[in-house]
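Here is how names work: the chains are called A, B, and so on, in the same order as the sequence lines, proteins then strands, and each is numbered from 1. Computation of the quantities below employed the complete heavy-atom set of this structure, encompassing side-chain atoms and omitting hydrogens, waters and symmetry-equivalent molecules.
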Amino acid sequence: MTPEARAADLLTWYDRHRRALPWRAVAGERPDPYRVWASEIMLQQTTVTAVKPYYERFMARFPTVQALAEAPSEEVMQAWAGLGYYSRARNLHACAQAVMENHLGRFPDTEEGLRALPGIGAYTAGAVAAIAFDRPAAAVDGNVERVMTRLFAIADELPGARSLIREKVLALLPHDRPGDFAQALMDLGATICTPRSPACGLCPWREPCQARIAGMQESFPRKAPKKAGVTRYGAAFVLARADGAILLRTRPAKGLLGGMAEVPTSEWRADYELDGAAQDAPLPLSWTQVVEPVRHVFTHFPLELTVFTGSVPERTQAPAGMRFTKLANLAGEPLPSLMLKVVERAGLYSSKTR
DNA sequence: GAGTCGTGGCA
DNA sequence: TTGCCAAGACT
């Protein structure tokens, strides 16, 4: 079977089974590059289910690349709060500004041009070029890696196998409908060629699939085992002022939770000693330890924060570099999920699902 | 190439 | 409950 015929089988399947997604143009209509790009950034390492509500709110709030570029960064971070990987939001904002300043408000329509923008790597450049501009580009994400390693029974471990996978995708690219081909490959991976219990019986590529023929579909792709991180510990201080405000500060722009809001905390270390926690408090006063600590799991380490609560009179001024925010205005702060958990554990706030 | 960087859902 | 991981980029 020729590569063209193989691609045609996938496109036929796609025409029947394509998912309707908020950022996806209806068949036959030209997608908005801004919306395609924004959705691709949000979808990096993030499930469709998690992205949907964020995407809708984000588009309502920042309808155009110009609106996004002109927005204050705190507002962008607030809109992203809870989605994770916050460098994406910082790069997203920087990218919008670069598009306005260097590209007259239009996204570049080539992989190379897109790849040069902040936050756009090999995958996203290919995806936007293909989906938004119908360029014959390979968009190799986790779905595509899974589909291709199975189709060709590629036993090399990831990420080493990426270049080979990319070659395989390029060899299959149809000269018409490359955008649909990219989306079809991802839909196939997301709905049929799933990590566990793939629905091979429904797959348009079940016959040529080398992994399925060997009965080994679930053993692809092969990945090196990742090592577990060491748990870190620390203290978090929830200070309530008599007027119903709590003490917050902004984290440094780069690094973990960069640019996001937090309650004051100690350092987070594997050997943190709770006995001396009072010395790490933002103010010297009578702190009350909450019995059950907040547990949170980051990608590379688990964290256990012991929460301390305290209260101060209404006239109290915030220490340098910190601020008091009314609980009623907490939703306007760029609080990551971890910090929402901390404030909830202190008994001061109850957040609905974001 | 390997480490950093979030979160929530699910088996 | 614990472990795994989802449309990756950057250093």
Side-chain angles (χ1 to χ4, degrees), chain A residues 19 21-24 36-55 77 80-92 94-95 114-128 130-132 137-147 157-163 166 169 179 182-191 193-197 218 221 223-232 251-260 262 268 294-303 334-341 351 353-354:
Chain A
R19 290 176 292 174
L21 298 170
W23 45 85
R24 187 172 274 179
V36 172
W37 161 73
S39 70
E40 290 299 340
I41 302 297
M42 289 187 178
L43 286 161
Q44 289 168 5
Q45 296 291 285
T46 309
T47 60
V48 165
T49 306
V51 166
K52 276 181 179 172
Y54 278 87
Y55 176 81
M77 299 312 287
W80 203 275
L83 250 195
Y85 286 135
Y86 298 101
S87 65
R88 292 184 296 172
R90 299 193 296 273
N91 284 331
L92 180 91
C95 182
L114 290 160
R115 182 70 182 76
L117 290 165
I120 298 185
Y123 161 74
T124 305
V128 174
I131 298 169
V140 182
D141 70 341
N143 287 307
V144 177
E145 288 174 352
R146 190 168 55 253
V147 170
E157 272 188 355
L158 288 172
R162 286 220 175 101
S163 60
R166 181 179 173 78
V169 173
Q183 297 178 88
L185 217 39
M186 288 188 275
D187 273 21
L188 188 69
T191 66
C193 197
T194 50
R196 293 180 300 272
S197 305
E218 287 198 64
K223 296 180 184 179
K226 53 199 77 161
K227 46 201 119 178
V230 177
T231 301
R232 299 180 200 179
R251 292 177 61 88
K254 293 182 181 175
L256 187 66
L257 306 177
M260 301 297 284
E262 67 173 1
W268 307 344
V294 167
R295 296 173 220 284
H296 192 77
V297 182
F298 292 107
T299 306
H300 51 302
F301 68 92
L303 175 66
L335 283 171
S337 294
L338 164 64
M339 290 300 154
L340 232 36
K341 280 191 204 177
S351 75
T353 311
R354 258 195 305 222

Contact under 4.0 Å: [X] side-chain N or O vs [N] OP1/OP2:
X        : N     : value
A:Thr47  : B:dT7 : no
A:His296 : B:dT7 : yes
A:His300 : B:dT4 : no
A:Tyr86  : B:dT7 : yes

Rounded to the nearest Å, what distance is computed from the [atom1] atom of residue [X] to the [atom2] atom of nucleotide [N]?
X        : N     : atom1 : atom2 : answer
A:Trp268 : B:dT4 : CH2   : C1'   : 14 Å
A:Met77  : B:dC5 : CE    : P     : 14 Å
A:Arg196 : B:dG9 : CZ    : P     : 15 Å
A:Phe301 : B:dA2 : CZ    : C1'   : 18 Å
A:Glu157 : B:dG1 : CD    : P     : 12 Å
A:Arg295 : B:dG6 : CZ    : C1'   : 19 Å
A:Lys226 : B:dG3 : NZ    : P     : 12 Å
A:Leu256 : B:dG6 : CG    : C1'   : 8 Å

Item to check | Rounded distance [0.5 Å steps], CZ in A:Arg19 versus CG in A:Asp187 | outcome: 4.0 Å
Next on the checklist: Within this structure, what is the CG-CD distance for the pair A:Asp141 and A:Gln45, rounded to the nearest 0.5 Å?
Outcome noted: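 Here the rounded value is 9.5 Å.
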Item to check | Closest-nucleotide 5' rank along DNA chain B - winner of A:Gly255 and A:Lys341 | outcome: A:Gly255
Checklist outcome for this item: The residue, A:Phe298 or A:Gly160, whose nearest nucleotide of DNA chain B is more 5′ is A:Gly160
Item to check | Partner set under ring pair (Phe, Tyr, Trp, His ring centres under 6.0 Å) for A:Tyr123, not counting sequence neighbours | outcome: none
Item to check | With sequence neighbours excluded, residues passing ring pair (Phe, Tyr, Trp, His ring centres under 6.0 Å) with A:Trp268 | outcome: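 So A:Trp268 forms no ring pair (Phe, Tyr, Trp, His ring centres under 6.0 Å) with any residue.
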Checklist entry - Closest heavy-atom contact between A:Met42 and A:Trp80? => result CG-CH2, 3.6 Å
Checklist entry - A:Phe298 vs A:His296 aromatic rings, parallel, tilted or perpendicular, using cut-offs 30° and 60°? => result perpendicular
Next on the checklist: Mind checking if A:Val297 touches a base, just sugar-phosphate, or nothing, with heavy atoms under 4.0 Å?
Outcome noted: base
Item to check | A:Trp23 and A:Lys52, any side-chain heavy atoms less than 4.5 Å apart | outcome: yes
Checklist entry - Is the backbone N or O of A:Ile41 less than 3.5 Å from a side-chain atom of A:Arg88, with the two atoms forming a donor-acceptor pair by type? => result yes
If you only use heavy atoms from C-beta on, which nucleotide in [options] is closest to the side chain of [X]?
X        : options             : result
A:Lys223 : B:dT7, C:dA6, B:dC5 : C:dA6
A:Pro195 : C:dC5, B:dT4, C:dA6 : C:dA6
A:Lys227 : B:dG6, B:dT4, B:dG3 : B:dG3

Heteroatom pairs (N/O) under 3.5 angstrom, protein to nucleotides 8-11 of chain C:
unit_1	atom_1	unit_2	atom_2	d
C:dG8	OP1	A:Gly142	N	3.2
C:dG8	OP2	A:Gln45	N	2.7
C:dG8	OP2	A:Gln45	NE2	2.8
C:dG8	O5'	A:Gln45	N	3.4
C:dG8	O5'	A:Gln45	NE2	3.3
C:dA9	OP1	A:Gly121	N	3.0
C:dA9	OP1	A:Thr124	N	3.0
C:dA9	OP1	A:Thr124	OG1	2.7
C:dA9	OP2	A:Tyr123	N	3.3
C:dC10	OP1	A:Gly119	N	2.5

Item to check | P spacing across the pair B:dG6 / C:dT11, given as an integer number of angstrom | outcome: 14 Å
